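Below you'll find the structure, written out as structure tokens, and then a few comments.
We name chains A, B, ... by the order of the sequence lines, and we start the count at 1 in each one. Everything numeric in this text was worked out from a predicted model, so none of it was measured.
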2 protein chains.
Amino acid sequence: MADINSLLVASPDGAAAVPAETAEDTALVDLIELFFFAYRDFVADPDQILAPIGFGRAHHRVVHFVNRHPGMRVTDLLDILRITKQSLGRVLRELVDEGFVESRAGASDRRQRLLYPTPKGEALAREFVAIQSRRIARALAASGSESGTNARRFLLAMINPENRANVERLIARADEIQRTGRR
Amino acid sequence: MADINSLLVASPDGAAAVPAETAEDTALVDLIELFFFAYRDFVADPDQILAPIGFGRAHHRVVHFVNRHPGMRVTDLLDILRITKQSLGRVLRELVDEGFVESRAGASDRRQRLLYPTPKGEALAREFVAIQSRRIARALAASGSESGTNARRFLLAMINPENRANVERLIARADEIQRTGRR
DNA sequence: GAATTTATGTCAGCCATGTTGACTTTTTCG
DNA sequence: CGAAAAAGTCAACATGGCTGACATAAATTC
């Protein structure tokens, strides 16, 4: 813990001692900004697809995750997106009305509404994945042989420790569904 | 270009041929989602600081960049944030009114309004950098010796090619200002 | 079997932050 | 001088967050 904290700029509480910036501080601030710029361009990609069909970024996120996890519960989606039921409800209703997502009662627990992409929803999700994958593939190609593994490790480590296991499980399950073609 | 495209899922136009998912596709989709989750937690950090003072994420972004580039023009900030003058104007007015940012006419070109952090603004910016740097330092420590360099390369490559040089110049200039203590 | 809890949905209203369009002022530059 | 640039402002609107209150159906618990 001490070695980590030594990398950081002084807390503003300790107003007396504001140390000179170290090279390590500089590298960290650079990464803060690069992360911002990279994400800014990354999420702008789907906008081209969204604009013509009158949807926004909230629709993108829902379509993407429902497609990756066919049959997921509303609760699961809420936990992923970290928004309220009401916010999700609005977007979800539009997607169901326009035939991108279908909601069926759960077989074992019939209170649940399980979310599935329609063929139309799947096609849209594929467009999103295609355009964002293209950017990532370009970035990996431009940054060395181990860059895929490195990026994965770094991004995972950026996630809150208490969420990390969940995210890993979620992604592994989605990959498995895709691999086996299970529905 | 061909080798990059071979990594990608089929475009939904070519509806006839939907190939089986490859391991490369899977890795790319995983990174799409890891990027989402990492950014979700990354931008949630400053919220703790923002909530008590009644500011939002838009205020965070402005305070951060004004602090990193003391004396920047309004136009420069608009180009970084990619929002409209009107959206920025609202947030900027609040920050000026509450004494976090100062706006002075440019010396050589007096049409310009150059933006400076006040001491109060600098202190706030330091809090933001501290909390976000802590997360990044933790992530780097957890993901190997070269992870800083790797993350930097990857994030830079994720930025639109036409923006990349600008971002590099911007960051280099900010680091220089911080290093030399120039104001 | 009744009471409670859970999963979901919905109404109403508010807030933050993005947008477009039109227009003004000041200053610089050709 | 006239055009262009930098900035600011007013008005109206859209998106996507939020809280609070409440309803329904199904599962679970006592």
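When the side-chain nitrogen and oxygen atoms of T84(A) are compared with OP1 and OP2 of dC18(D), one or more of them lie within a distance under 4.0 Å.
Distance, L88(A) CG to dT15(D) P: 17 Å, rounded to whole Å. At whole-Å resolution of the value, CD1 in I83(A) and P in dA16(C) are 19 Å apart. Protein atom CG of L81(B) is 19 Å distant from nucleotide atom P of dA16(C), rounded to whole Å. Nucleotide dG16(D) holds its C1' atom 18 Å from the CZ atom of R82(A), rounded to whole Å. Protein atom CG of L50(B) is 19 Å distant from nucleotide atom P of dC15(C), rounded to whole Å. The nearest whole Å value for the distance from the CG atom in L95(A) to the C1' atom in dG9(C) is 16 Å. In this structure, L78(A) atom CG and dG17(D) atom P are separated by 12 Å, rounded to whole Å. Rounded to whole angstrom, the span from the CZ atom of R57(B) across to the P atom of dG18(C) amounts to 11 Å.
In terms of position along DNA chain D, the nucleotide closest to G89(B) lies nearer the 5' end than the nucleotide closest to the other residue of the pair G89(B) and H59(A).
Of the listed nucleotides (dA7(D), dT20(C), dG17(D)), dG17(D) has the atom at the smallest distance from the side chain of A58(A). Counting only heavy atoms from C-beta on, T75(B) has its side chain closest to dA7(D) among dC18(D), dA7(D), dG9(C). With dG18(C), dT19(D), dG17(D) as the candidates, the nucleotide lying closest to the side chain of S87(B) is dG18(C). The side chain of R93(A) lies closest to dT10(C) when the candidates are dA6(D), dA7(C), dT10(C).
Between H60(B) and F128(B), the ring centre distance stays below 6.0 Å.
A cation-pi geometry, defined here as NZ or CZ lying under 6.0 Å from the six-membered ring centre and within 45° of its normal, does not hold between R61(A) and F36(B).
Side chains of R135(A) and N160(B): a donor on one and an acceptor on the other come within 3.5 Å. A donor-acceptor pair shorter than 3.5 Å can be found between the side chains of H64(B) and E33(A).
Here E176(B) pairs with R179(B) in a salt bridge; the nearest charged N to carboxylate O distance falls below 4.0 Å. The pair R68(A)-D175(A) meets the salt-bridge criterion, since a charged nitrogen lies less than 4.0 angstrom from a carboxylate oxygen. With salt bridges taken as basic N to acidic carboxylate O contacts below 4.0 Å, none links E122(A) and K120(A).
For Q86(A) and dG20(D), a side-chain-to-base donor-acceptor distance below 3.5 Å is present, hydrogens and geometry of angles not being considered. Side-chain atoms of R90(A) and base atoms of dG9(C) include no donor and acceptor less than 3.5 Å apart.
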Provide a list of protein-nucleic acid N or O atom pairs under 3.5 angstrom, restricted to nucleotides 24-30 of chain D.
unit_1, atom_1, unit_2, atom_2, d
dA26(D), OP1, R110(A), NH2, 3.3
dA27(D), OP1, S108(A), O, 3.3
dA27(D), OP1, R110(A), N, 3.1

